[in-house]
Amino acid sequence: MEFFNDSNYGPFLLTGFPGLENSHPLISILFCVLYLIAFMGNITILVVIRVEQSLHAPMYLFLSMLAASDLGICVATLPTLLKLFCFNVREVDFDACLTQMFFIHVFSLMESGILLTMAFDRYVAISNPLRYTAILTNSIIVRIGGGLLLRAVAVIFPGPFLIKRLRFCKVNVLSHSYCLHPDIIKLSCSDHRINSIYGLIIILITFGVDSLLILLSYLKILITVLGIASRAEQFKALNTCVSHICAVLLVYVPMLGVSIIHRFGKHLPPVVHIIMGYIYLLVPPVLNPVVYCIKTREIRTRIMGNLLKL
């Protein structure tokens, strides 16, 4: 069996929609529209929060972090996806693939961590509103953002080096139009159990812990809200959480769907796995700005006001 030379790994081949290669130019139009919506929506949120002094509050600063991580995912996936669907270029250099994998996973972990801090933000705002801004000061928020970035980089940093120690066969076709850790290690001809265990540990200590703490935060929020006498105040308090709950569902439901299909849906057509992969990566960046613009009156008002000025 033939292997890639350890010092000169061959390129990987990207996969679009098997059997629909002639339709890739048309499919690329759909992806361009989705990316345009994601870029415009998240950039708009960043600009509005940056310009409007009244939005320099913890909730909106965390939202700007979420928008930045969504933009990062879009920037990381866009080059190979458009290269494949627009120009039918399937090859991606080994090191470029590892670089893309690194940034996709870093921004995904950042997004998960930011959703956790946003759940904590809602808990503090509801349970201790008088000390809300005193607890979540700008310096604390900056430290939280730096900590989330450091966590994501630290846990993903060993990934490319662990992959570099593997040997790869000439079977080098990836399952998607972008590079992910599980997809790459499946192509290895050598023992990749360490890589698999590493990937599982990362999922458990990041997404697993984050989702558990988010659930715990909302249980405590619910207990706090139920202790409020007025039903109107209960509704008002819960209404501030709706946007964040939607954002959590937009991230974790597709992630759970991808995991279930990957584990139990091996009999399903490959196109199902491919579509779920795109849903997992593109739905949050596209829909998060839409949800926050619709459900957050302050952002909606500022955007409409700036549009009317134009």
If you define the side chain from C-beta out and look only at heavy atoms, does anything of [X] sit under 4.5 Å from [Y]?
X: L174; Y: L187; value: yes
X: V286; Y: V290; value: no
X: S112; Y: T206; value: no
X: Y292; Y: Y60; value: no

Pairing donors with acceptors under 3.5 angstrom, does anything connect the side chains of N128 and Y123? no
Going by atom types only, do E298 and S54 share a side-chain donor-acceptor pair under 3.5 Å? no
Donor-acceptor contact below 3.5 Å, side chain [X] vs main chain [Y]:
X: N42; Y: P285; value: yes
X: H105; Y: H181; value: yes
X: S175; Y: D183; value: no
X: S188; Y: F168; value: no
X: H56; Y: I49; value: yes

Assess whether atom CZ of R300 is packed by more than 12 heavy atoms of other residues, nucleotides or ligands within 6.0 Å. yes
Here the gap from L282 atom CG to L30 atom CG, rounded to the nearest 0.5 Å, amounts to 9.0 Å
